[in-house]
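As the structure is a computational prediction, the values presented were derived from the model and not from experiment.
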Amino acid sequence: MASKQSGTPGAFSRWMQRTMNTRMTAKIRRGKGTFAGMNVLILHTVGQRSGQHRESPVSYFADGDNAWLIVASGGGSRNPDWYGNLMAHPEHAAIELPGREGQPVAPLRLAGDERAQAWQRITTASPRYDKYQRKSEREYPVVRLSGSAAR
């Protein structure tokens with residue numbers, strides 16, 4: 001049996017995450033897009049190694065018209081798999097907002113002042129991200145997803 005990589009969840013945690021993601025995805029498709037007080041969407045990506053379609057419910061923050069901010073947190077010392085998939089194949093990125101059809105998006109990882117401003121808005125809306133960030137040695141990436149009308 002292969003040993004668990006440092007900074008990654010164990011088998012039970014992965015099973016629990018898959019189970020909860022399936023339930024959350026169904027809830028979003030029924031038009032109910034909140035979890036723990038945060039807005040949630042379904043992020044569609046393609047696996048960076050497998051090439052298979054992936055769906056991940058992630059929290060989001062509105063960023064003007066037809067744009068959304070997401071944070072690659074996930075805890076631990078690594079970025080979540082969805083983030084690696086998104087950055088490896090940005091041309092396949094799409095989102096589903098609660099109760100709506102999917103739409104393509106263009107992801108952009110924010111840096112510098114732009115990231116700092118977005119981070120301030122995110123942590124004002126959801127202080128838990130600042131708490132998580134302070135416990136981590138890595139800087140959480142912030143990604144702007146721009147809808148097709150914003151391209």
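- Using a 4.5 Å cut-off on side-chain heavy atoms (C-beta onward), Y129 and S73 make contact.
- Two residues are said to be in side-chain contact when any heavy atoms from C-beta on lie closer than 4.5 Å; R144 and P107 fail this criterion.
- Taking CD1 of I42 as the start and OG of S56 as the end, the distance is 10.0 Å to the nearest 0.5 Å.
- At least one side-chain heavy atom of P57 sits under 4.5 Å from a side-chain heavy atom of I28.
- How far CD1 of I70 is from OH of Y83: 9.5 Å, rounded to the nearest 0.5 Å.
- F35 and V71 fall into different hydrophobic clusters, where Ile, Leu, Val, Met, Phe, Trp and Tyr side chains are chained together by heavy-atom contacts under 4.5 Å.
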Self-check item: Intermediate values then yes/no, side-chain contact (heavy atoms from CB on, under 4.5 Å), I122 and L69
Solution: CA-CA 8 Å; I122 290 166; L69 297 171; 4.2 Å; yes
Quiz prompt | Steps toward side chain to side chain donor-acceptor pair (under 3.5 Å) verdict (H89, Q48) | solution = CA-CA 7 Å; H89 299 289; Q48 58 186 325; over 6 Å; no
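- By the 4.5 Å side-chain criterion applied to Ile, Leu, Val, Met, Phe, Trp and Tyr, M16 is assigned to a cluster that also includes F12, W15, M20.
- Between N21 and T19, the closest side-chain pair of non-hydrogen atoms is not below 4.5 Å.
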Self-check item: Derivation of the side-chain contact (heavy atoms from CB on, under 4.5 Å) call for V105 and W68
Solution: CA-CA 9 Å; V105 291; W68 306 268; 4.0 Å; yes
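- In this structure, the separation between CD1 on I95 and OG1 on T45 is 13.0 Å, given to the nearest 0.5 Å.
- Looking at N79 and P141, their side chains come closer than 4.5 Å, going by heavy atoms from C-beta outward.
- Hydrophobic clustering of Ile, Leu, Val, Met, Phe, Trp and Tyr side chains at less than 4.5 Å, counting indirect connections, unites L145 with W82.
- Nearest heavy-atom pair across M38 and S126 is SD-OG, 3.5 Å.
- The closest side-chain heavy-atom distance from V46 to N85 is not below 4.5 Å.
- Taking CE from M24 and NZ from K32, the interatomic distance works out to 10.5 Å, rounded to the nearest 0.5 Å.
- E55 meets the side chain to side chain donor-acceptor pair (under 3.5 Å) test with R29; sequence neighbours excluded.
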Quiz item: Is there a side-chain contact (heavy atoms from CB on, under 4.5 Å) between F61 and N39 once you walk through the steps?
Solution: CA-CA 7 Å; F61 303 86; N39 293 322; over 6 Å; no
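- There is a side-chain donor-acceptor pair under 3.5 Å between H53 and H44.
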Quiz item: Given R109 and R115, is the side-chain contact (heavy atoms from CB on, under 4.5 Å) satisfied, shown in steps?
Solution: CA-CA 8 Å; R109 180 177 176 169; R115 184 202 180 275; over 6 Å; no
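- With a 6.0 Å radius and a threshold of 12 heavy atoms from other residues, nucleotides or ligands, R121 has its CZ atom above the threshold.
- In this structure, CD on E96 lies 10.5 Å from CG on L43, to the nearest 0.5 angstrom.
- The shortest side-chain heavy-atom distance between V58 and V40 does not fall under the 4.5 Å cut-off.
- Considering OG1 of T22 and NZ of K27, their distance stands at 14.5 Å, rounded to 0.5 Å.
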